[in-house]
Amino acid sequence: MGYRILMTNNHNWSTCEIIQAYHGQSIIEYTFKNMKNKRHLSFTPQYHWTDQKIKVHNFCCVITYLMTSLIYKTAREKGFTGSMDTLLDMLGNIRLGTIIEDTGKKGRPKVFYKLEEMEPAERKLAEDLGIIKLHERPMKIKGFGVYI
């Protein structure tokens, strides 16, 4: 008949707040659906048996989802129209190649990095997110190598 009855124990909420909370439920359900997706951001498989390790694994998954949501939000603001799954697939196609050049001299060979060829949509996404030239100046942290 087109009617829904919404019940709540929050008696101090206005009718508008109750309806907004009801509509917000679908966002939470979509988040859990994404976190159960086997291809991206999945909670499973989980190879831990102690409570502490399970909690840490779940925390890492939630932080990953949060970071992915921020990247997705940034991409949407720059004009990206696809879903989060499409975004992750496109980012997975952006790959960095390591080129080792033998100089003919003693010592270490010359190593440099180059992005593999990309589709135009992937290139635009990488440019919009500011990762297209990120490999040209690798981060330098004492005692830690970004690229091996």
Side-chain angles (χ1 to χ4, degrees), residues 1-100 108 110-148:
M1 296 218 270
Y3 291 102
R4 291 191 184 203
I5 298 173
L6 302 178
M7 297 172 44
T8 181
N9 60 355
N10 294 314
H11 301 293
N12 56 345
W13 284 10
S14 68
T15 304
C16 184
E17 290 173 320
I18 293 170
I19 292 170
Q20 284 178 339
Y22 172 73
H23 288 291
Q25 178 182 353
S26 65
I27 296 168
I28 301 300
E29 289 173 354
Y30 179 74
T31 300
F32 279 106
K33 177 184 171 190
N34 271 337
M35 292 183 86
K36 291 178 183 179
N37 183 345
K38 299 278 188 206
R39 292 182 52 220
H40 303 118
L41 309 171
S42 179
F43 269 102
T44 56
Q46 180 172 296
Y47 302 110
H48 308 292
W49 292 273
T50 63
D51 288 346
Q52 178 190 11
K53 290 182 180 176
I54 291 171
K55 287 177 185 177
V56 169
H57 174 83
N58 290 345
F59 176 74
C60 290
C61 290
V62 170
I63 292 295
T64 302
Y65 187 79
L66 174 65
M67 291 171 57
T68 304
S69 297
L70 291 173
I71 293 169
Y72 181 63
K73 180 180 181 288
T74 303
R76 299 276 298 184
E77 289 170 354
K78 302 281 185 167
F80 181 75
T81 57
S83 68
M84 189 180 291
D85 282 336
T86 305
L87 174 77
L88 292 172
D89 285 337
M90 288 176 74
L91 288 174
N93 291 335
I94 300 171
R95 300 188 314 192
L96 183 66
T98 304
I99 300 170
I100 302 172
R108 298 177 122 180
K110 184 177 179 182
V111 177
F112 59 97
Y113 306 95
K114 188 173 181 180
L115 288 174
E116 293 181 1
E117 290 185 15
M118 297 177 253
E119 298 290 327
E122 293 166 354
R123 178 164 291 281
K124 182 183 180 323
L125 178 64
E127 289 171 353
D128 289 346
L129 293 176
I131 59 175
I132 197 78
K133 295 187 180 203
L134 198 59
H135 66 282
E136 292 175 0
R137 292 184 300 124
M139 294 184 337
K140 294 186 179 178
I141 302 170
K142 187 176 181 179
F144 179 77
V146 177
Y147 304 124
I148 297 174

For Arg108, what residues pass the salt bridge (charged side-chain N to carboxylate O under 4.0 Å, His left out) criterion, not counting sequence neighbours? none
Residues in salt bridge (charged side-chain N to carboxylate O under 4.0 Å, His left out) contact with Asp85, at least two apart in sequence or another chain: none
Which donor-acceptor pairs under 3.5 Å do side chains of residues 5-19 form with protein atoms, sequence neighbours excluded?
{"from": "Thr8", "atom 1": "OG1", "to": "Asn10", "atom 2": "N", "distance (Å)": "3.0"}
{"from": "Ser14", "atom 1": "OG", "to": "Glu17", "atom 2": "N", "distance (Å)": "3.3"}
{"from": "Glu17", "atom 1": "OE1", "to": "Ser14", "atom 2": "N", "distance (Å)": "2.9"}

Taken in chain and number order and not counting sequence neighbours, the residues that satisfy side-chain hydrogen bond (donor to acceptor under 3.5 Å, both in side chains) with Ser83 are Thr86
Residues that Thr64 engages under side-chain hydrogen bond (donor to acceptor under 3.5 Å, both in side chains), provided they are two or more places apart: none
Quick check: closest heavy atoms across Leu87 and Ala75, and the distance to 0.1 Å? CD1-CB, 4.0 Å
Who are the side chain to side chain contact (heavy atoms under 4.5 Å, CB included) partners of Ile28, not counting sequence neighbours? Phe32
When rounded to the nearest 0.5 angstrom, what is the spacing between [atom1] in [X] and [atom2] in [Y]?
X: Ile63; Y: Asn58; atom1: CD1; atom2: CG; answer: 12.0 Å
X: Lys114; Y: Thr98; atom1: NZ; atom2: OG1; answer: 13.0 Å
X: Ile94; Y: Ile131; atom1: CD1; atom2: CD1; answer: 4.5 Å
X: Met84; Y: Ile71; atom1: CE; atom2: CD1; answer: 9.5 Å

Within a radius of less than 6.0 Å around CD of Gln52, do more than 12 heavy atoms belonging to other residues, nucleotides or ligands occur?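 Check fails, neighbour count at 12 or below.
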Please tabulate, for the side chains in residues 20-27, all donor-acceptor contacts under 3.5 angstrom to protein atoms that are two or more places apart in sequence or on a different chain.
{"from": "Tyr22", "atom 1": "OH", "to": "Arg4", "atom 2": "NH1", "distance (Å)": "2.3"}
{"from": "Gln25", "atom 1": "NE2", "to": "Glu29", "atom 2": "OE2", "distance (Å)": "2.9"}
{"from": "Ser26", "atom 1": "OG", "to": "His23", "atom 2": "O", "distance (Å)": "3.0"}

Does anything in residues 47-75 pair up under salt bridge (charged side-chain N to carboxylate O under 4.0 Å, His left out), and if so which pairs, sequence neighbours excluded? Lys73-Glu77
Can you list, pair by pair, the side-chain donor-acceptor contacts under 3.5 Å of residues 117-126, counting residues two or more places apart and other chains?
{"from": "Glu122", "atom 1": "OE1", "to": "Glu119", "atom 2": "N", "distance (Å)": "3.2"}
{"from": "Glu122", "atom 1": "OE2", "to": "Asn93", "atom 2": "ND2", "distance (Å)": "2.9"}
{"from": "Lys124", "atom 1": "NZ", "to": "Asp128", "atom 2": "OD2", "distance (Å)": "2.7"}

